[in-house]
J.: 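Here it is: the structure, laid out below.
Note that the structure is a prediction, hence the values are computed from the model and not measured.
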Amino acid sequence: MAQQIIGLHEWMATPPGAYLLAWERAFMAGAVADVFGFHALQLGLPELDALGANRMPHRWLATEKPHEKAAFVTDFAALPFPSNSLDLVVLPHALELTADPHTALSEVARVLVPEGRVVICGFNPMSLWGLRQQRGHLYRRLGVNRLFLPQNGEFIGYLRCRDWLRLLSFEIEAGHFGCYRPTLASQAWLQRFAWMDKAGARWWPFFGAVYGLVAVKRVRGMTLLNPGWKPARILANKPVSVANSAGSHRAGYHNDLQDEG
């Protein structure tokens, strides 16, 4: 495939891009549907409504460049939110496209509340698509443009992303891979290899073209108490231990004591 596409947004309009978006849309819907709170933020990729299945009252899309769907434009390495203020942050390919992915992830850790969740999607370098991309970069050095995936950004592998999250005190809750079809440009040929999605998920699950991660922010030494955990009130008729004349004890009530008095 002689690739002339220069960015992720243009690539998403191609048949492989639509195939990828369909998988990520399903993954995000399952990952965010049961995350509760008040404030959720999506960083990047306006083509994907990653928060569509979430029910939080305040949901925003932020991009690093102006876009008609974005609520605001910001540097992902300097988010305009106070610490511990967001319940959910989703990053569909945001780490791959931002200039400083590690700092961006640190910012996500800062703005998330304890027990808040982050959901990440990224290209898997250890896949048919990733290997095709690596070969394409070699061809480009020879003056031949044969990239299959977008040329901008640095792909961050699944294990590398997990390590970053753990260093920031996140606990990995779930990890998934998808898109096992070959590097084909046409919708017809991609459809012919649809059987590879089920086969790949069963036989070579870690070699999907894209991965998804769900992680929870943990704060050491902190125990979150449910508002329902309140000390029980001492009732007037609570059983008490009463000594009788024989020196033994029996269970009675305050009102019984008043009758005996």
J.: Has Lys217 got a side-chain atom pairing as donor or acceptor with Gly116's backbone, closer than 3.5 angstrom?
T.: no
J.: Which heavy atom of Pro46 sits nearest to which heavy atom of His9, and what is that distance?
T.: CD-CE1, 3.7 Å
J.: After noting the C-alpha distance and the side-chain angles of Arg55 and Asp34, does the key distance pass the salt bridge (charged side-chain N to carboxylate O under 4.0 Å, His left out) rule?
T.: CA-CA 8 Å; Arg55 290 167 285 178; Asp34 295 328; 3.6 Å; yes
J.: How close do Pro182 and Leu190 get, heavy atom to heavy atom, and via which atoms?
T.: O-CD2, 3.8 Å
J.: Salt-bridge test for Arg117 and Asp87: reply yes if a basic N is under 4.0 Å from a carboxylate O, no otherwise.
T.: no
J.: Within the distance-only criterion (no hydrogens, no angle test), does the side chain of Arg25 pair as donor or acceptor with the backbone N or O of Asp49 below 3.5 angstrom?
T.: no
J.: His102 vs Trp164 aromatic rings, parallel, tilted or perpendicular, using cut-offs 30° and 60°?
T.: perpendicular
J.: Would you please indicate yes or no on a ring centroid separation below 6.0 angstrom for Trp60 and Phe81?
T.: yes
J.: Provide the closest heavy-atom pair for Leu79 versus Glu107 in the form atom of the first, atom of the second, distance.
T.: N-OE1, 2.7 Å
J.: Using modelled atom types only, decide if a donor and an acceptor are shared between the side chain of Ser127 and the backbone of Gly130 within a distance under 3.5 Å.
T.: yes
J.: Please check if Leu21 and Val32 belong to a single hydrophobic cluster, counting links between Ile, Leu, Val, Met, Phe, Trp and Tyr side chain heavy atoms closer than 4.5 Å.
T.: yes
J.: With the threshold set at 4.0 Å, does a side-chain nitrogen-carboxylate oxygen contact exist between Arg218 and Glu115?
T.: yes
J.: Tell me if a side-chain donor or acceptor on Asn54 pairs with a main-chain N or O of Ala33 at a distance below 3.5 Å.
T.: no
J.: Can you tell me how far CD of Glu24 sits from SG of Cys121, rounded to the nearest 0.5 angstrom?
T.: 4.0 Å
J.: Looking only at the aromatic ring of each residue, does the gap between the centers of Trp11 and Phe123 stay below 6.0 angstrom?
T.: yes
J.: Begin with the C-alpha distance, continue with both residues' side-chain angles, and end with the deciding distance and a verdict on side chain to side chain contact (heavy atoms under 4.5 Å, CB included) for Met56 and Phe36.
T.: CA-CA 6 Å; Met56 293 189 195; Phe36 299 101; 5.7 Å; no
J.: So do the side chains of Leu213 and Val119 get within less than 4.5 Å of each other, counting heavy atoms only?
T.: no
J.: Where is the tightest heavy-atom contact between Pro101 and Ile156, given as atom of each residue plus distance?
T.: CB-CD1, 3.8 Å
J.: Hey, what do you get for CG (Leu45) to CG (Leu61), rounding to the nearest 0.5 Å?
T.: 9.0 Å
J.: Could you state the interatomic distance from CG (Leu43) to CG (Leu105), rounded to the nearest 0.5 Å?
T.: 10.5 Å
J.: Answer yes if Leu159 and Leu95 sit in the same cluster of Ile, Leu, Val, Met, Phe, Trp and Tyr residues linked by side chain heavy atoms under 4.5 Å apart, and no otherwise.
T.: yes
J.: I'd like to check Leu112 versus Val89 (side-chain heavy atoms, cut-off strictly below 4.5 Å). Are they in contact?
T.: yes
J.: Under a 3.5 Å distance rule, please check whether Tyr158 uses its side chain to pair with a backbone N or O of Val210 as donor and acceptor.
T.: no
J.: Test Ser83 against Val111 for side chain to side chain contact (heavy atoms under 4.5 Å, CB included), laying out the working first.
T.: CA-CA 4 Å; Ser83 300; Val111 300; over 6 Å; no
J.: Does CH2 belonging to Trp189 count more than 12 external heavy atoms closer than 6.0 Å?
T.: no
J.: Once you round to the nearest 0.5 Å, how far does CG of Leu20 lie from CG of Leu8?
T.: 8.0 Å
J.: Quiz question: by atom type and distance under 3.5 Å, do the side chains of Thr74 and Glu64 form a donor-acceptor pair?
T.: no
J.: Judged by atom type as modelled, is there a donor-acceptor pair below 3.5 Å linking the side chain of Arg59 to the main-chain atoms of Leu51?
T.: yes
J.: Using modelled atom types and a 3.5 Å cut-off, is there a donor and acceptor pairing between side-chain atoms of Asn84 and backbone atoms of Pro114?
T.: no
J.: Are Val108 and Leu168 joined in one hydrophobic group, where the rule is that I, L, V, M, F, W and Y side chains link up if heavy atoms are under 4.5 Å apart?
T.: yes
J.: Tell me if a side-chain donor or acceptor on Asn124 pairs with a main-chain N or O of Phe206 at a distance below 3.5 Å.
T.: yes
J.: Taking all heavy atoms of Cys161 and all of Tyr211, pick out the closest pair and write down the distance.
T.: CB-OH, 3.8 Å
J.: Quick check: Phe207 with Phe177 (ring centres under 6.0 Å apart)?
T.: no
J.: Does atom CE (Met126) have a neighbourhood of more than 12 heavy atoms from anything else shown, all under 6.0 Å?
T.: no
J.: Please report the interatomic distance NE2(His58) to CG(Leu41), rounded to the nearest 0.5 Å.
T.: 13.5 Å
J.: Would Phe76 and Leu91 satisfy side chain to side chain contact (heavy atoms under 4.5 Å, CB included), going step by step from the backbone distance to the final call?
T.: CA-CA 10 Å; Phe76 293 170; Leu91 299 93; over 6 Å; no
J.: Quick one: does NZ or CZ of Arg132 land under 6.0 Å from the six-membered ring centre of Trp129, within 45 degrees of the ring axis?
T.: no
J.: Donor-acceptor pair, distance only, cut-off 3.5 Å: does the side chain of Gln42 make one with the backbone of Gly44?
T.: yes
J.: Give the cluster check for Val118 versus Ile172: same hydrophobic cluster or not, with ILVMFWY residues linked at side-chain heavy-atom distances below 4.5 Å.
T.: yes
J.: Any idea which heavy atoms bring His176 and Phe27 closest together, and the distance?
T.: CD2-CE1, 3.5 Å
J.: Let me confirm one number: the CG-OH distance from Leu128 to Tyr180, rounded to the nearest 0.5 Å.
T.: 11.0 Å
